[in-house]
Amino acid sequence: MLKEYKTISEVAGPLLLVRCVEGVKYGELGEIELGNGEIRRCRVLEVDEDNALVQLFESAQGINAAQSKVRFLGRGIELPVSMDMLGRVFDGLGRPIDGGPEIIPDERIDINGTPINPTARDYPSEFIQTGISAIDGLNTLVRGQKLPIFSGSGLPHAQLAAQIARQAKVLGTESRFAVVFAAIGITYEEADFFISDFKRTGAIDRAVLFMNLANDPAIERISTPRMALTAAEYLAFEKDIHVLVILTDITYYAEALREVSAARKEVPGRRGYPGYMYTDLATIYERAGRKKDNKGSITLIPILSMPEDDKTHPIPDLTGYITEGQIILSRELYRKGIMPPIDVLPSLSRLKDKGIGKGKTREDHADTMNQLFAAYARGKEAKELAIILGEAALTDIDKLYSKFADNFEKEYVSQGYDEDRTIEKTLDIGWKLLSGLPKEELKRIRDEYIEKYYKN
């Protein structure tokens with residue numbers, strides 16, 4: 001029998017102070033029973049001797065401290081897991097919201113999980129094909145990697161996230177592949193877009209969706225990415241499935257963290273975010289990876305919208321320290337109608353060299369990737385020079401590079417949100433573009449590849 005307390009002494013917004021408690025632990029779940037019998041859930045935020053500060057998952061409206069009682073459940077937030085999760089849609093606390101039945105769990109797992117022991121980690125080395133040329137060809141995603149997408153407000157990261165979730169696959173293996181998709185702090189319209197897109201394309205059959213809406217409590221928003229990663233760990237490390245986890249939008253998660261921190265009257269850090277935000281984000285990102293002697297893996301793509309498109313803002317800044325690169329969306333390309341507007345030059349996948357080459361993608365991948373980067377960078381320089389000095393000031397070779405840059409954006413980067421390109425098609429488009437330059441300009445490609453793939 002759970003002990004009940006009628007010692008609520010203070011209600012301040014979503015926070016309640018419960019006095020004279022015994023054996024209550026940080027992070028423990030609780031229930032508040034109102035005078036009319038209504039039950040509201042809460043979580044312990046702080047314990048000080050026999051006082052417990054709890055935060056409500058629902059509104060505090062209508063709570064009468066004298067008539068309400070609190071009981072603590074002796075456990076943290078847990079997710080019921082089983083293979084029946086695939087194809088289902090849940091809210092931010094793991095409750096089904098698709099009209100289907102409750103999950104009959106194989107087990108219940110604490111959502112805080114445990115980080116992968118560094119000595120047990122296996123190095124990421126297998127190519128994941130997303131079907132998007134700007135990622136596959138130039139900033140390759142590798143199984144077990146953490147590769148964030150840095151976006152800006154109004155840029156189409158939702159469409160890009162849905163496209164990756166729909167198209168991603170591990171090549172050359174017969175093993176199963178699943179997607180865990182968590183939407184954090186989104187609107188009803190965005191939630192409807194994701195759910196209908198997954199159902200329309202059939203991608204829902206291999207996916208688990210967690211939807212946390214903008215009007216849900218901040219404390220639930222903090223739980224949503226951990227729910228997603230708990231589901232992913234179960235599928236990857238107990239059922240040997242390759243799992244791709246997409247979290248959008250981490251910025252809303254960080255805002256919720258700041259909101260809870262302010263409610264607890266903690267000393268703020270940069271721009272009001274708590275000083276422990278780096279550690280907190282690491283507890284999410286570091287749950288991705290591969291384990292030795294384990295067939296499953298977790299590959300993580302967190303998506304965050306940079307406030308004011310500022311890469312030095314604390315959220316993208318700290319994320320960049322913990323993860324292995326970044327894909328950056330460009331407002332300039334978006335205005336030009338390039339879809340998806342991936343800016344390949346500042347984008348970076350630190351593990352791209354590990355997932356490409358003979359037996360993984362194609363023998364010429366590394367050389368063509370380096371040459372495309374170099375040619376596009378020179379083409380952009382030529383275009384900037386033409387703006388300052390006029391096109392007449394450009395040499396013939398500069399004009400070729402300027403034309404290359406335009407064609408590269410239109411044909412290689414831009415492909416829309418429904419085209420699923422194989423890695424061979426991506427490499428062939430690269431060669432078609434490079435063949436517009438003289439052979440002697442291809443200084444980063446070995447002669448045998450030029451002889452084999454250059455299109456006269």
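Residue numbers start at 1 and run along the sequence shown.
For the pair K291 and F237, the cation-pi test (distance below 6.0 Å, angle within 45°) is passed. For the pair R362 and Y453, the cation sits on the ring face: its NZ or CZ lies under 6.0 Å from the ring centre, inside 45° of the axis.
A donor-acceptor pair under 3.5 Å is formed between the side chain of Q415 and the backbone N or O of S133. Counting only distance, with no hydrogens or angles, the side chain of R221 and the backbone of L213 share a donor-acceptor pair below 3.5 Å. Checking side-chain atoms of D406 against main-chain N and O of K403 turns up no donor-acceptor pair under 3.5 Å. No side-chain donor-acceptor contact under 3.5 Å links R166 to the backbone of G202. Panel note: side chain R88, backbone E102; no donor-acceptor pair is recorded below 3.5 Å.
By the side chain to side chain contact (heavy atoms under 4.5 Å, CB included) test, S330 is found to be paired with E332, L333, D343, residues two or more places apart in sequence or in another chain being considered. In this structure, D84 has no salt bridge (Lys or Arg N to Asp or Glu O under 4.0 Å) partners at least two apart in sequence or on a different chain. Contacts of E266 classified as salt bridge (Lys or Arg N to Asp or Glu O under 4.0 Å), with partners at least two apart in sequence or in another chain: R264. The salt bridge (Lys or Arg N to Asp or Glu O under 4.0 Å) search around K432 returns E411, not counting sequence neighbours.
Between A288 and K146 the shortest heavy-atom distance is CB-CG, 3.9 Å.
Put simply, the residue from R40, R43, R41 that forms a salt bridge (charged side-chain N to carboxylate O under 4.0 Å, His left out) with E58 is R41. None of T323, I301, L300 except one satisfies the side-chain contact (heavy atoms from CB on, under 4.5 Å) rule with P148; the exception is T323.
If you take CG on L244 and NZ on K169, they are separated by 12.0 Å, rounding to the nearest 0.5 Å.
Applying the side chain to side chain donor-acceptor pair (under 3.5 Å) test to residues at least two apart or on different chains, the pairs with a partner in residues 367-377 are D367-R446, Y376-E409. For residues 198-210, the set of pairs meeting the side chain to side chain donor-acceptor pair (under 3.5 Å) definition, not counting sequence neighbours, comprises D197-R200.
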